[in-house]
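Below, chain A is the first sequence line, B the second, and so on; all start at residue 1. These numbers come from the heavy atoms of this one structure, side chains and all, not from hydrogens, waters or symmetry mates.
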There are 2 protein chains.
Amino acid sequence: MKVELETEEKILDAARIIFQKRGFEGARMQEIADEAGINKSMLHYYYRNKDNLFMEVFQAGIKKIFPQLFAIMNKDIPLKDKVWEIVEFYHTMFKENSHLPMFVIHEMNQHPERFREFIQKVGITFPEKFALQIKQEVQDGNIIPISPQQFLINIVSMCMMPMIARTMVMTVFQFDESQYESFMDEREELIPDMIFKGVSFFKGV
Amino acid sequence: MKVELETEEKILDAARIIFQKRGFEGARMQEIADEAGINKSMLHYYYRNKDNLFMEVFQAGIKKIFPQLFAIMNKDIPLKDKVWEIVEFYHTMFKENSHLPMFVIHEMNQHPERFREFIQKVGITFPEKFALQIKQEVQDGNIIPISPQQFLINIVSMCMMPMIARTMVMTVFQFDESQYESFMDEREELIPDMIFKGVSFFKGV
DNA sequence: GTCTATATAACGATAGAC
DNA sequence: GTCTATCGTTATATAGAC
């Protein structure tokens, strides 16, 4: 039925918003219902309990990030272009979904075993072609000896950390909303440059 | 009394462990009592309610990080040595307090207004001497034009992100405990090098 | 100060009418 | 499918004996 799908979808949207903002423990079924503009009982009618609803949201979160990220990482393009794309991906993705990175990481830390199983089942494994590309660049003497894992974490760290620690950044630096946005826009240009000079053979300042 | 202080301290230690691991919403007063090896009523006797106890832990967390970090940042030493010290500080600090960074950042995001006030009251403001030092290095042409804020966030990001996303790093890279530790040890060497080459005038790979 | 017992409130979940 | 009313549980918090 048309109405059926609409309600189910409204619930999922609302759940996504509330769970991502508050986390599993902080989220209230009532608040999700309010956000969806429906009755609390409907949540149980469609998803039986809080756990199920949460898992839908969590899995959707994972699937929103990793396939796209890994697709970029496995592209057949020069490393330099790739880094630019990854940085751009993070900055556009999380402008629209500002709570998503913190949500995924926080909930993973709360239930490591539970999600380790899930992530491996969905086939989230380190992108093969990216690993080979880095190794090749190292072998060709284009970049310093660095593992693909370290290379990736450098990029991800530079992009995600100031998103996750948004409140702290704004507080300590006394930024308002627009100053924070400028700061992040500036980073989008800065990061690829930092990353590449960081893995070059150039010595010292 | 001797016993009095002992109990109060035991509660605070237990609260620190549980709150940092589970967050405010996930923490249970009973679990804190169990961790402390005392009766649940004692928590209320000494700290009246969950909120008070939490704030003690949160404030202790803030005070454990910022004063030390900012002290290093304001030292009268060359920028290069300073970066090394900051990186070392993060890696030693959070080897002992692995949940502390996620805890502080997560709780700040949950109650921005509440903690913004607190942080400004304690006098957590961007270190003046560090800012001047960066500006001087830029002016002297030693490093590229970069704001002190961006410079700091680069370091902090590279250090903290893989600590905060520990479970995710271990899962995606399929690391066990000892592999993760090696990975982090390796970063401690890698990061200062990355940071400095990143702000150099060297062009391209 | 420390314990047991209990009050009180919040939340997830269900029953049943429509 | 959707609502109201309510159950059962769990969590914070308090009362009162010792």
Side-chain angles (χ1 to χ4, degrees), chain A residues 1-61 99 103 106-107 109-111 114-115, chain B residues 1-61 99 103 106-107 109-111 114-115:
Chain A
M1 251 186 170
K2 185 154 167 291
V3 180
E4 187 178 337
L5 281 169
E6 247 176 38
T7 302
E8 204 168 334
E9 203 60 34
K10 272 199 288 184
I11 291 174
L12 206 59
D13 282 351
R16 191 173 36 79
I17 293 169
I18 301 303
F19 275 128
Q20 286 185 12
K21 198 192 302 187
R22 305 237 187 269
F24 177 81
E25 294 285 353
R28 298 288 166 256
M29 295 297 268
Q30 184 62 59
E31 197 181 2
I32 295 173
D34 292 346
E35 177 73 33
I38 50 112
N39 193 283
K40 201 177 57 159
S41 304
M42 291 292 93
L43 305 182
H44 293 90
Y45 178 79
Y46 284 102
Y47 296 92
R48 212 177 80 243
N49 58 34
K50 190 180 178 182
D51 256 49
N52 286 346
L53 187 51
F54 171 79
M55 283 308 286
E56 294 288 334
V57 171
F58 180 80
Q59 292 179 21
H99 293 101
F103 168 71
H106 185 255
E107 298 306 327
N109 283 347
Q110 293 299 309
H111 314 275
R114 189 177 177 183
F115 297 130
Chain B
M1 249 190 171
K2 184 154 168 292
V3 180
E4 187 178 337
L5 282 169
E6 247 177 38
T7 302
E8 205 169 333
E9 202 59 35
K10 271 198 290 185
I11 291 174
L12 207 60
D13 283 350
R16 190 172 39 77
I17 293 169
I18 301 302
F19 274 129
Q20 286 185 10
K21 198 192 303 187
R22 305 238 187 267
F24 177 80
E25 293 286 354
R28 297 289 167 255
M29 296 296 269
Q30 183 62 59
E31 197 181 3
I32 295 173
D34 293 346
E35 177 72 33
I38 51 112
N39 193 283
K40 201 178 54 161
S41 304
M42 292 291 93
L43 305 181
H44 292 90
Y45 178 79
Y46 283 104
Y47 295 93
R48 211 176 81 245
N49 59 33
K50 189 181 179 181
D51 255 51
N52 285 346
L53 187 52
F54 172 78
M55 284 308 287
E56 294 288 334
V57 171
F58 180 80
Q59 292 179 19
H99 293 100
F103 168 72
H106 185 258
E107 298 305 328
N109 284 347
Q110 293 299 307
H111 315 275
R114 188 177 177 184
F115 297 130

(message) Can a donor-acceptor pair be found, under 3.5 Å and without considering hydrogens, that links the side chain of A/Gln20 to the backbone of A/Ala15?
(response) no
(request) Among residues two or more places apart or on two chains, list those pairs meeting salt bridge (charged side-chain N to carboxylate O under 4.0 Å, His left out) that have a residue in residues 46-55 of chain A. (result) A/Asp51-A/Arg114
(message) Tell me the interatomic distance from B/Ile11, atom CD1, to D/dA13, atom P, rounded to whole angstroms.
(response) 14 Å
(message) Is there a side-chain contact between A/Tyr46 and the phosphate of D/dT2, meaning an N or O under 4.0 Å from OP1 or OP2?
(response) yes
(message) Going by the rule ring-ring contact (aromatic ring centres under 6.0 Å, His included), which residues pair with B/Phe24 if we only count those two or more places apart in sequence or in a different chain?
(response) B/Phe54
(request) Taking side chain to side chain donor-acceptor pair (under 3.5 Å) as the test, write out the residues that go with A/Glu31, two or more places apart. (result) A/Arg22
(request) Measure from OH on B/Tyr47 to P on D/dT14 and round the result to the nearest Å. (result) 17 Å
(message) Counting only heavy atoms and a strict 4.0 angstrom limit, can you tell me which residues of residues 23-44 of chain A come near DNA chain C?
(response) A/Ala27, A/Arg28, A/Met29, A/Lys40, A/Ser41, A/His44
(request) For B/His44, enumerate each residue passing the side chain to side chain contact (heavy atoms under 4.5 Å, CB included) test, keeping only those at least two apart in sequence or located in another chain. (result) B/Met29
(request) Applying side chain to side chain donor-acceptor pair (under 3.5 Å), name anything that partners B/Arg28, two or more places apart in sequence or on another chain. (result) A/Glu25
(message) Rounded to whole Å, how long is the line connecting atom CZ of B/Arg48 with atom P of D/dA13?
(response) 9 Å
(message) List the residues meeting side chain to side chain donor-acceptor pair (under 3.5 Å) with B/Asn52, not counting sequence neighbours, and say none if there are none.
(response) none
(request) Kindly write out the residues that satisfy side chain to side chain donor-acceptor pair (under 3.5 Å) with A/Gln59, not counting sequence neighbours, or none if the list is empty. (result) none
(request) Go through residues 50-57 of chain A and report each residue with a non-hydrogen atom lying under 4.0 Å from DNA chain D, sorted by number. (result) none
